[in-house]
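Working notes, structure below.
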Amino acid sequence: MDNNFFKNIEKKTGVNMKDVFDLANSLQNANFKDEKTVRGVIRRVSQMANKPVNKEMEDKIVESIVKDGKQLDFGQISKMINKK
């Protein structure tokens, strides 16, 4: 991909693309049935996006993924975070 493409994304979102790629690589073999793993991902994404997630919202997201058996869907997580 074009390096300018990533620079434009960084400029618009304020998120470093290296951080996004590092996160994506760390998720490849992650166990999303493990609550600790899911909480870590939520906190990392929240920090990268500069969108704090309170304990109640974190619990809802974890429950949705771990307890309800739903697949990890960043779009759905984003919607949940933005509803606060």
- Task: Calculate, to the nearest 0.5 Å, the distance between atoms CG and CE belonging to Leu23 and Met17 respectively.
- Result: 11.0 Å
- Item | Steps toward side-chain contact (heavy atoms from CB on, under 4.5 Å) verdict (Ser26, Arg44) | CA-CA 11 Å; Ser26 73; Arg44 193 165 172 193; 3.2 Å; yes
- Item | Heavy-atom closest pair, residues Phe32 and Val41 | CE2-CG2, 4.0 Å
- Note on the structure: Looking only at heavy atoms, the pair that brings Ser46 and Pro52 closest together is OG-CA, 3.6 Å
- Message: Between Arg43 and Val53, does the side-chain contact (heavy atoms from CB on, under 4.5 Å) criterion hold? Intermediate values first, please.
- Response: CA-CA 8 Å; Arg43 291 177 183 146; Val53 175; over 6 Å; no
- For the atom pair CG (Asn31) and NZ (Lys36), what is the distance rounded to the nearest 0.5 Å? 12.5 Å
- Query: Who passes side chain to side chain contact (heavy atoms under 4.5 Å, CB included) against Lys55, sequence neighbours left out?
  - Reply: Arg39, Asp59
- Item | Those residues that, when tested against Lys12, pass side chain to side chain donor-acceptor pair (under 3.5 Å) (two or more places apart) | none
- Note on the structure: Partner of Val20 under side-chain contact (heavy atoms from CB on, under 4.5 Å), picked from Val15, Ile9, Thr13, is Val15
- Report the distance from atom CG of Asn16 to atom CG of Asp22, rounding to the nearest 0.5 Å. 8.5 Å
- Nearest non-hydrogen partners of Val66 and Val38, listed with the distance: CG2-CG2, 3.6 Å
